[in-house]
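Along the sequence shown, the residues carry numbers beginning at 1. These numbers come from the heavy atoms of this one structure, side chains and all, not from hydrogens, waters or symmetry mates.
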Amino acid sequence: MDKSLNSLSKIFTEKLYRIPDYQRGYAWTEKQLKEFWGDLEQLDKGKNHYLGVLTLEEVDKSLQKEWKDDLWIIQSKNYEPYFVVDGQQRLTTAIILIQAIIECTSENEKLNYTTIYEIKKKFIFDSKDEGISRSYIFGYEKDNPSYEFLKTQIFGEKSDMVSLHQNTVYTHNLEDAKNFFIEKRKLLNFEQKEEVYRKLTQHLLFNIYTISTDIDVCVAFETMNNRGKPLSYLELLKNRLIYLSIKFNVDLYEQEKLRNSINESWKSIYYNLGRNRNNPLNDDDFLFNHYITYFDEIIAGSNNLEKFSISIRRIRIHKEYYSTYLLEKKNSLVKIYYYIKNL
């Protein structure tokens, strides 16, 4: 691990960051946002605040070829692409706050001697020859529904997609975070706004750990995210299924088909769970009830109602049982594929 401490400004120097598909989406709510804002407010001038370890994975050159919108900046400007294994909630929050500050600052103003154009170029996107091709410095992998939402609703950019973006619990959280910071910025004069920008980009510090190739990032992600806001079992299940998809001894296209099916299923699940924004459905309640309906005969061992009730009570006491069962007992590629299609 790099023992030096890095500011947000240093972290975003000639690097691209993407949140991979095995990650959950943006999960911070008002509680975490208030804590983040409070850390900035209480930080004395000239002092630093430690935000923890940012864990990254270098993007293999074979995968870089799939980043078609970003190849020009990787090849011509030598930007280094990384997946964010741990720390995406903090990074996403910081970028949303920077965008909120940008939107209330005129183009002819400077923040900490930096123009708005320069801030956008460093933290939001860079353009090829000032044309229409844009490489977003921070974002999600393209098959994530939050990708288009972040680009259009948070950054205020135009979309190349014909279809409308899907709203999920995670996209609602992104929007809520932006609205939270917009309300906060309204209370600031220019000097206070500049001070927030300075603290955010210069005085919030991370350690950087680049994960080695001999460590499985899916397992590392699950381990690291046992701290902070806990992952739901539904989020953990997606991560573990993606992990399994690359472990099966089958042709690459079979692995990719399974992985794509997992991503598409979870898109649909989170879209439906979050359709009622004021009363979103609970991840684990959904998974628990689906488990009961999908494995009812297997759980009970028969149609005996008493046996079934005992099994259900056991699952309620040991909630991790149903995720373990899915992973240990149904772990052939074909069985997992048909399970996913049933979600």
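By the criterion of side-chain heavy atoms lying less than 4.5 angstrom apart, applied directly or through intervening Ile, Leu, Val, Met, Phe, Trp or Tyr residues, Leu71 is not grouped with Ile73; the two fall into different hydrophobic clusters. The hydrophobic clustering, which links ILVMFWY residues whose side-chain heavy atoms are closer than 4.5 Å, places Leu204 and Phe180 together. Under a hydrophobic clustering in which Ile, Leu, Val, Met, Phe, Trp and Tyr are joined whenever their side-chain heavy atoms come within less than 4.5 Å, directly or via other members, Ile182 and Leu174 fall into different clusters. No single ILVMFWY cluster, assembled from side-chain heavy atoms under 4.5 Å apart, contains both Val169 and Leu33. Under the 4.5 Å side-chain contact rule for hydrophobic residues, Ile19 and Ile154 share a cluster.
Within the 3.5 Å criterion, the main-chain N or O of Thr168 finds a donor-acceptor partner in the side chain of Thr171. Judged by distance alone, with hydrogens and angles left aside, the side-chain atoms of Asp251 form no donor-acceptor pair with the main-chain N or O of Tyr253 at under 3.5 Å. With Gln192 contributing its side chain and Asn189 its backbone, the two residues share a donor-acceptor pair below 3.5 Å.
Within a 6.0 Å sphere centred on NZ of Lys77, heavy atoms belonging to other residues, nucleotides or ligands number more than 12. Other residues, nucleotides and ligands contribute at most 12 non-hydrogen atoms within 6.0 Å of the CD atom of Glu30. Remark: Lys15 NZ is packed, more than 12 non-hydrogen atoms of other residues, nucleotides or ligands lying under 6.0 Å away. No more than 12 heavy atoms of other residues, nucleotides or ligands lie within 6.0 Å of CG in Asn249, so this atom counts as exposed by the packing criterion. Atom OH of Tyr338 has 12 or fewer neighbouring heavy atoms from other residues, nucleotides or ligands inside a 6.0 Å radius.
Applying the ring-ring contact (aromatic ring centres under 6.0 Å, His included) test to Phe83 and every residue at least two apart in sequence or in another chain returns Trp67. Glu66 meets the side-chain hydrogen bond (donor to acceptor under 3.5 Å, both in side chains) test with no other residue; sequence neighbours excluded.
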Side-chain atoms of residues 95-109: list all donor-acceptor pairs with protein atoms under 3.5 Å, sequence neighbours left out, distances to 0.1 Å.
from	atom 1	to	atom 2	distance (Å)
Gln99	NE2	Glu103	OE2	2.9
Glu103	OE1	Lys178	NZ	3.4
Glu103	OE2	Lys178	NZ	2.6
Thr105	OG1	Ile101	O	2.7
Thr105	OG1	Lys193	NZ	3.1
Ser106	OG	Asn108	OD1	2.5
Ser106	OG	Glu109	OE1	3.3
Glu109	OE1	Ser106	N	3.1

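A donor and an acceptor atom, one from each side chain of Lys121 and Ser127, are nowhere located under 3.5 Å apart.
Taking all atoms of both residues into account, the shortest heavy-atom contact from Glu195 to Lys45 is OE2-CG, 3.9 Å.
Expressed to the nearest 0.5 Å, how far CZ of Phe138 lies from CD of Gln88 amounts to 6.5 Å. Rounding to the nearest 0.5 Å places CD of Glu41 at 12.0 Å from CZ of Phe36.
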*Tell me, with the steps shown, if Gln89 and Thr92 meet side-chain hydrogen bond (donor to acceptor under 3.5 Å, both in side chains).*
CA-CA 5 Å; Gln89 307 294 332; Thr92 306; 5.9 Å; no

_Using ring-ring contact (aromatic ring centres under 6.0 Å, His included), reason through Tyr170 and Tyr270 one step at a time and then give a plain yes or no._
CA-CA 8 Å; Tyr170 297 138; Tyr270 279 114; 4.8 Å; yes

*Step by step, would you call Asp126 with Ser135 a side-chain hydrogen bond (donor to acceptor under 3.5 Å, both in side chains)?*
CA-CA 5 Å; Asp126 198 356; Ser135 181; over 6 Å; no

*Decide yes or no on salt bridge (Lys or Arg N to Asp or Glu O under 4.0 Å) for Lys257 and Glu254, but give the supporting numbers first.*
CA-CA 5 Å; Lys257 182 174 177 61; Glu254 289 278 276; over 6 Å; no

